[in-house]
Structure formats: C-alpha cells, structure tokens
Amino acid sequence: MAIQILSPLVVSKIAAGEVVERPASVLKELVENSLDAGANHISVEVSGGGIQLIRVIDNGSGIPEDELEIAFERHATSKITSESDIEGILSLGFRGEALPTIASVADVSMLTRYRDEVAGTSVILENGTIKNKKRQGCPQGTTVTVRNLFENVPARLKFLKSIATENSHISQLVTQYSMAFPEVKFSLLMNERITLRTPGNGDLRDALVEVYGLETAQSMLEITTNEGGVSGFISPSSVSRSNRNYLSFFVNRRWIQNRMISYATEEAYQGMLMTGKHPIVVLNIALPSGDIDVNVHPTKREIKFRNERDVFLAVQKAVRETLVGYTPIPNMRVSTPLFTSPQLTTIPMPIKENMGPSSSGTLLARESCQIETTTQLPILRLIGQLRNTYIITEGPDGMYLIDQHAAHERVLFEKIKEQQAKQSVEVQGLLEPITIDVTAQREDFLRSQGEVLSEAGFTLDRFGERTYLLRAVPAVLHRQNIPQVLAEIIDSLGELQSSDWRERIVVSLACHGAIRAGQTLNIQEMEELMHQLEETALPRTCPHGRPTMIQFSVSQLESEFGRRG
Amino acid sequence: MQVSCTQENLSRGLGIVGRAVATRTTLPITNHVLISTDNSRLRLSATNLEIAINCWIGTQVEEEGAIAIPSGLLTDFVNSLPSENIDIKVAPQTQTMEIKCAKSEARISGQKADEFPPIPRIGEGITAKVDPRALRNAISQMVFAAAVDDSRPVLTGGYAQFSGDKLILAAADGFRLAVHNLGLVAPAGEEAGVIIPARSLRELDRLLRDQADPVEITINPQRSQILFRLKDVEIVSQLIQGNFPDYNQLIPQSHTTRAVINVAEFLRAIKSASVFARDGSGILKLMITPGEGIQISARAEEVGDNEGTIDAEIEGQEAKIAFNSKYLMDIFTILEDEKVALEVTTPSSPGVFRPIGDDDWVQVVMPMFVQW
C-alpha cells in the first residue's frame with residue numbers, strides 16, 4: 001500500500017483514542033469545560049453507562065453564537081491564545097481538542113447562551129460538522145448532550161467494560177470534581193436516579209459528607225499546616241480502607257494521579273495503619289503554574305513537577321503533622337503487642353540467621369510438594385503457644401509450628417463454604433439495626449449486586465438515599481467491627497469479576513472471623529483448633545494460600561545443633 | 001521516706017493496686033506503683049490512665065516521702081518475703097528504695113514521685129451509696145453483654161443510671177441487652193447516666209468481693225470520672241463519653257408465647273446441646289410447645305446431634321427460636337433465680353428472659369436466623 005496522508009476523519013479518530021478512552025473521559029472533558037466557564041452549578045445526567053447518554057448542564061458563561069462553529073474545530077479554544085500561555089496555564093483545559101474529538105466518536109448536540117446575548121443557540125453535529133443550527137431560548141450556560149458514544153468505533157466499544165464498571169468510573173469522576181470544587185453544586189443523575197448531590201457551599205467537609213457519609217466526614221482531620229500549599233482533609237489513623245481508591249489528589253484543583261504523592265501520603269501514615277490498610281485522603285496542592293507541567297498527556301491525569309522533592313516533602317510533612325496533632329491519648333485496650341517479651345530481642349544472632357528465609361524457604365518448598373501426596377495432617381502433640389501467634393506442636397518428624405490465624409481461617413473458610421453450599425448460612429440477628437452510609441459507587445453495587453451479600457448472611461434494607469439498615473450479619477462476625485468489615489468486602493468486590501465474588505466474600509468472612517495473631521489461647525482452645533484443622537480438606541494452607549504450618553524436621557534440628565552432619 | 005509495715009499488708013495492698021498497673025504501655029512510668037505516706041498510713045497508687053486504684057495500709061511512718069517503684073519487681077519481691085515486719089527507706093535525692101525484712105535486704109531503683117501521672121481526685125459531685133453484694137450481683141448479670149470490639153465505644157461499657165433511690169445498670173453489644181435494677185442505700189442527689197468501661201466494672205467486682213460496708217459512689221461534676229470508695233480502697237475510672245442507646249425501646253413490650261423454665265434444668269440441657277453446637281457458631285434451636293415443653297436441639301455437621309426436652313409451663317402459641325449457645329450460657333451460668341420466664345414472639349424477633357414475680361432484671365437476646 002502506498003504511503004499517503006490520512007484523511008481528516010481518520011486523523012480525528014486516531015486522536016480521539018488518546019483523549020476519549022471511555023465514557024468517563026468524555027464526561028471529564030465536558031465537566032472541565034463547565035468549570036472553566038465559571039459555572040457554579042453543574043448537573044450531570046448519564047444512562048447506559050454513559051454510552052447511551054451523557055448530558056452536562058451548567059450555568060457558566062456559555063458560548064457566543066458566532067463562535068460556535070469554531071468551537072468544534074480542532075485546536076480551537078478560548079482558554080489560551082499564545083505559546084507563552086502554555087507555561088502558565090490556569091484553566092483545566094487548554095488543548096482545544098475535546099469538543100471535536102467527542103464529536104468525531106458520538107452524536108453531539110449543544111444548547112448554549114452566552115451571558116451577553118439575549119437568545120441561545122442550539123446545534124446538532126453529525127460526523128463532526130454542524131448540521132442544524134438555530135436560535136432557541138434558554139437560560140445562561142451550556143448544555144452538551146452526547147449520545148451513542150463509540151457507535152462508529154466498534155473496536156473501542158468492544159473493549160469497554162461492563163456498564164457497572166463504566167458507571168463506577170463516572171461516579172468516581174464526578175465525586176472527585178465535587179471534592180476539588182466544593183463551591184460548585186454538583187449533581188449526578190445516573191439512570192434517572194440521583195446518586196450524588198453536593199451542597200456547593202464552598203465547605204469541603206460538607207461535600208465530604210455527601211461523598212463518604214456523615215460519620216466518616218466528621219472524623220476527617222483538616223490540614224491546617226499550610227505547608228507548601230497543601231490543604232484538604234485526611235482520615236485519622238482509626239479510620240481506614242482496604243484499597244487506594246480513597247486517595248484523591250489535586251494540583252491546583254486538577255484531579256491527578258501521581259505515585260509520588262500517593263507514596264508521600266502513605267509514608268506519612270507509616271506505623272499508624274495496619275498493613276494492607278490505606279487512608280482516606282483529599283488533598284489539593286496549590287502551586288504556581290510555572291512549577292508544574294500538565295501538558296504531558298492529553299488526558300492531563302499525569303503531571304510533572306519542577307521540584308518533585310519539595311512537593312514530596314511538603315505533602316508528607318503536612319499529612320504527618322496533622323496526624324500527629326490529632327493522635328488520641330494512648331488507649332490501653334487497643335495497644336497491639338509489639339514484643340511479648342523484651343528478652344526475645346536478645347536471642348544470639350547466629351541462630352536467627354540459620355532460621356532465616358533461606359532455610360525456611362526450602363522447608364516450605366518441600367511442604368508444598370507434600371500437599372499433592374497427602375493432605376492429612378500428622379498426629380500432633382501440643383506443646384504451647386509462641387508469641388501468642390504460633391502454636392508449637394511435636395509431630396512424627398520434628399517440630400511443627402501452626403499459625404493460629406491462618407489455621408482458623410482455613411477452618412472457617414471450609415465451614416462457611418459448606419454452609420453456603422447447603423444454603424444454611426448461620427445468620428445472627430442484630431438487636432438494633434446498624435445504619436450504614438455508602439458512597440455513590442457502593443450504592444450502585446448494592447443496588448445491582450446486593451444479592452450476593454444477602455446470600456452470605458448480610459441482611460441489608462434500603463433506608464433512604466445512600467443509607468442502608470443492616471439487620472443481620474453472618475454469625476462468624478459476631479465480635480467484629482461489622483460496618484468496617486462490610487465496607488471492606490464491598491470495596492474488594494468492586495475490583496473483581498462477578499464470578500469470583502462468592503469466593504471472595506467467604507475468604508473475607510473467614511479472615512475477619514478468625515482468631516487474631518496476638519490472641520492468647522488456652523490449652524483447650526489450641527487443641528480444639530488443631531482438631532478442627534485436621535478435619536479440613538486442605539489443612540496446610542490458608543485461603544489466601546499462605547501455609548498454616550511449617551515443619552522443622554528432626555534431622556534439620558540435629559544439623560542446626562551440630563549433632564550430626 | 002522511712003516507714004515500716006507488715007509483709008501481709010504490703011503484699012495485699014500491692015495485689016489490689018496491681019490490677020490497675022499498665023502492662024503494655026508507651027508511658028513506662030505507668031507500670032510503676034506510687035508509694036507515698038498519707039498521715040499515719042501508706043498509700044499505694046497505680047493507674048493505666050483508664051483506671052486508677054488507691055489502697056491504704058496501716059504503717060508506722062518515721063519520715064514522710066513518696067517514690068514510684070516498678071510494680072512487678074516490688075510485688076514479686078514482697079510476695080517472696082516471710083510474714084514479718086518490713087522496713088522501707090528511701091534516702092532523699094537517691095530514688096532508690098531500700099527494703100529490709102528478716103534477713104533479706106533489697107534495693108530497687110525507682111522514679112521521682114512527681115513524674116507519676118496524677119491520680120484523679122474527686123471531692124464533690126453526685127454521690128450515692130450502694131450495698132456491695134447487690135452491686136456485685138448486678139455487675140455479674142450485665143457486664144458480659146458489653147461489646148468487645150471498639151467500633152462503637154459507648155457499647156464497650158456498662159450504662160449506669162442513677163435516679164432517686166434506684167440504680168439501673170445496662171449493657172448491650174448489638175446482639176443482646178442486659179439490664180439490672182438495684183436499690184441504693186443512700187439515694188443519688190440528682191439524676192445521672194454515665195457509661196463505665198466494662199473493664200472497670202470487672203475490677204470493681206473483684207475488689208467488692210470482701211466488702212461488707214456500703215460502697216460510696218461519686219461522679220465528678222464534669223461527668224468524666226467516677227469514684228468508688230471502699231474500705232481502704234478507692235477506684236477511679238474514666239467514663240466513656242457519648243450517648244448510650246435508649247435500651248428501653250429495645251425491650252419488646254409484648255409476646256405471644258411465655259414459658260416458665262427451671263434454671264438448673266435449662267442450663268443442663270443447653271450445656272449438653274452446646275457440646276454438639278460447638279462446631280458451628282453454637283446454634284441451639286428451641287421448639288416451644290404448649291402442654292409439652294421445650295425441645296432443645298443442636299447438631300454438628302457429620303458428627304452427630306443432640307436433642308433434649310425440658311418441662312416448662314407454657315402459655316400462648318407454639319413457637320420456635322434459635323440462639324447462639326454462648327449467649328444463653330452467659331446468662332444462665334450467673335442466674336441465681338430458681339425459675340425464669342422466656343418470652344418469644346417470632347423466630348426473628350428478640351427473645352426475652354425475665355425473673356418471675358419482680359422486674360429486677362431483663363435479658364434480651366437476638367435470635368439466629370436458621371432454616372427450620
């Protein structure tokens with residue numbers, strides 16, 4: 001095939017791929033336009049995961065009638081005029097690409113009235129060119145309607161995830177912008193149902209109430225250190241989530257993704273959160289526009305800093321100082337045992353080395369080989385408990401250490417699975433229902449997929465907007481912080497294929513229901529646990545795949561002590 | 001400081017305040033016990049910042065003074081001494097305690113008394129007096145229902161409501177509720193409702209064991225601390241701030257079935273069923289049939305099952321309800337009544353246990369939802 005210059009239509013579709021990746025990216029461009037137009041009320045309407053319809057209504061400045069045609073031309077923008085403006089970008093958009101690229105992959109119509117004009121203008125676009133333009137009365141502002149997204153790009157359509165996933169990206173996006181612009185009243189209508197509505201009174205905490213629920217929002221700590229332009233809210237160490245979806249970062253109120261800032265934040269929480277737990281953070285970093293470069297990627301989600309190190313330190317310091325300032329009085333009841341006995345640290349080094357990863361690594365390797373041949377446990381004699389975490393036992397060939405948490409997890413995992421298979425899940429009623437506030441994303445999940453939770457034993461009744469009443473819980477959880485466990489389960493399911501949900505719930509329930517490391521067990525309890533472990537089908541690993549026990553063989557002990565070989 | 005006392009007194013005193021010594025702490029001085037002279041007595045104090053205990057023992061005071069000494073070390077040493085007179089001496093400026101008893105001599109390094117966290121003093125406030133036996137009985141019948149996890153801090157304590165000559169103690173953990181009423185020997189000056197940490201109640205229960213005289217209770221005007229004054233012992237606890245749920249609305253006001261059961265017989269039946277229920281979450285199924293009795297059953301998957309029937313005087317309709325055996329055991333192992341009443345409505349509404357004849361206490365237990 002001969003080399004030729006591509007036609008404008010092909011070029012625009014290629015470019016569209018960079019900016020318009022999924023329905024949420026269309027919405028992002030439109031919302032940013034609304035914000036740049038100075039709107040203080042933006043309502044978003046979405047249906048069919050954004051593929052059928054995205055509509056953004058704002059009360060911004062609007063577009064003058066005579067500029068409408070140009071607006072849909074590539075690289076047409078009112079936000080910058082000269083090369084030097086790129087160095088000091090203050091608006092969210094500037095590339096002048098959004099409208100034309102969206103118009104090239106969807107049916108777009110627009111209704112707008114510029115603030116100085118008496119009548120509005122409506123236009124309908126087909127294949128990127130204006131087809132039908134007429135004068136029409138309307139309030140000041142702009143309404144953009146995008147229908148049938150990607151209809152003419154089948155490849156893109158094919159790669160879209162489920163409607164639920166796209167919905168979740170959309171609500172995530174609106175949520176983020178509503179936190180970045182608390183003075184703007186956002187509303188999100190998803191499939192004709194209000195899922196988010198922020199007050200737009202300029203108070204970020206009030207916006208957080210809508211996003212994360214009253215209780216969480218009240219507990220959030222405000223950053224007041226004014227360190228390097230960092231402001232926002234962070235969760236205290238007592239509140240955490242099991243994934244990083246609750247980290248929101250903005251630079252000059254532009255929603256960005258940046259591993260460095262994310263790392264700086266979590267670093268500041270070092271030692272305050274359990275491993276695998278992440279904070280809730282809403283941070284804005286205000287920087288002179290000359291210190292950042294947003295023109296890295298068309299979607300502008302990535303950003304370059306001139307002084308990355310300074311930003312890192314400022315974020316870390318601001319978060320840390322805020323946390324330390326609010327750290328509660330030491331509470332004896334929740335103190336975790338770091339060392340059960342100080343003598344433990346005085347074990348001579350050589351022994352430690354010999355017990356190091358290399359030797360236990362080979363042990364594990366051999367263990368895993370044995371799983372295939374025998375899943376039975378050897379007959380074990382209980383000796384005692386080590387560091388309130390491991391059960392020491394003697395078996396036919398040496399010493400076996402059982403991880404009490406992993407072992408109990410396995411026991412519960414198989415028991416719950418069996419109950420589910422027989423549809424006889426043990427459910428404990430709650431004396432007083434627990435009120436659960438959920439985010440828009442979680443609400444969406446509960447509405448469409450709540451059944452999977454009720455099968456597991458959670459009885460949830462809807463109780464108004466984004467509020468549920470929990471009336472009964474799986475019996476294994478009866479001593480846990482139930483709202484937190486439920487939130488974690490819902491969060492973790494969002495990341496998985498629906499086919500894996502049941503398994504995942506059982507794993508979570510088993511993990512939360514199991515005795516913890518650090519819990520003192522008496523002899524009867526330990527014997528009971530060993531007995532129950534013996535009866536499981538796969539006693540040697542916990543549901544996460546970690547070993548429940550490791551073995552130190554007699555010959556290994558003898559060689560370690562220099563008795564033989 | 002220079003004092004002398006008997007080994008028995010010192011050992012007993014250290015045992016009492018030792019309950020409040022912090023075990024794992026970021027503030028090392030809280031695992032010390034503060035020893036100070038108080039007129040002609042020796043005062044021992046310990047605190048973990050939640051609970052503080054003061055204990056006074058009879059001593060001969062030669063020279064006033066005070067020092068904080070590591071609690072474990074001192075207690076172990078004193079317990080190992082023969083029951084003879086102990087001479088204690090702290091030379092000014094040294095922070096070292098010299099202990100002499102019979103032929104033993106020891107020196108223990110301590111810390112300055114003024115580094116010890118202040119032991120809260122409650123002089124005035126709302127006061128009441130209560131009989132120690134009645135208080136112990138009430139605590140034992142409600143404290144087990146307090147929540148063990150910290151997700152709702154108000155539930156980790158027991159709610160104490162003083163009104164007139166009545167004291168109501170209540171605890172709930174989301175699955176069950178226990179309420180106990182008792183009379184006050186001296187009525188409270190004004191109405192007050194406070195939440196006392198469950199741990200403090202358990203320590204109080206322990207200290208009440210050998211008390212005969214009425215216990216004086218004082219709540220400070222800020223309602224942040226509560227003081228229990230026993231003979232020679234004072235226990236001060238922080239109070240949990242917050243609102244305790246309105247427990248009265250959690251107690252069902254009506255029922256469709258009422259069974260009067262014999263406590264000992266019922267306990268025996270649930271004990272043997274619990275053996276089989278142990279494997280699961282301990283589900284005990286109760287079938288209540290008027291004219292016949294209550295059938296209690298439990299099964300362990302693939303191991304076996306158990307069924308027992310006890311006699312009961314049943315009024316109303318036939319009913320069934322399933323409970324976590326642990327919750328029933330918690331109640332029935334401490335009951336002193338001969339007979340109690342079980343009131344039931346549906347398999348998914350709470351079961352209520354009440355005494356016969358009076359309304360000193362009530363236990364509400366949420367059932368488990370099972371397939372029948």
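Numbered from 1 within each chain, the chains take letters A, B, ... in sequence-line order.
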Do the rings of A:Tyr212 and A:Tyr246 sit parallel, tilted or perpendicular, given the 30° and 60° boundaries?
tilted
Please flag which part of A:Val411 lies under 4.5 Å from any non-hydrogen atom of chain B: side chain, backbone, both or neither.
neither
Only one of A:Leu486, A:Asp461, A:Leu446 forms a side chain to side chain contact (heavy atoms under 4.5 Å, CB included) with A:Tyr468, so which one is it?
A:Leu446
B:Ser151 meets the side-chain hydrogen bond (donor to acceptor under 3.5 Å, both in side chains) criterion, sequence neighbours left out, with B:Asp149
Is any side-chain N of the basic residue among A:Lys277 and A:Glu488 closer than 4.0 Å to the acidic one's carboxylate O?
yes
Does any backbone or side-chain atom of B:Tyr327 lie under 4.5 Å from a heavy atom of chain A? Answer side chain, backbone, both or neither.
side chain
Picking from B:Ala172, B:Pro367, B:Pro350, which has the most non-hydrogen pairs under 4.5 angstrom with chain A?
B:Pro367
Against chain A, label B:Val370 side chain, backbone, both or neither, depending on which of its atoms sit under 4.5 Å from a heavy atom there.
neither
Given that the side chain runs from C-beta out, which part of B:Arg176 has a heavy atom under 4.5 Å from chain A: side chain, backbone, both or neither?
backbone
A:Leu386, A:Leu382, A:Leu533 screened by side chain to side chain contact (heavy atoms under 4.5 Å, CB included) with A:Ile391, the one that passes
A:Leu382
Chain B contact via A:Gln484 - side chain, backbone, both or neither, heavy atoms under 4.5 Å
neither
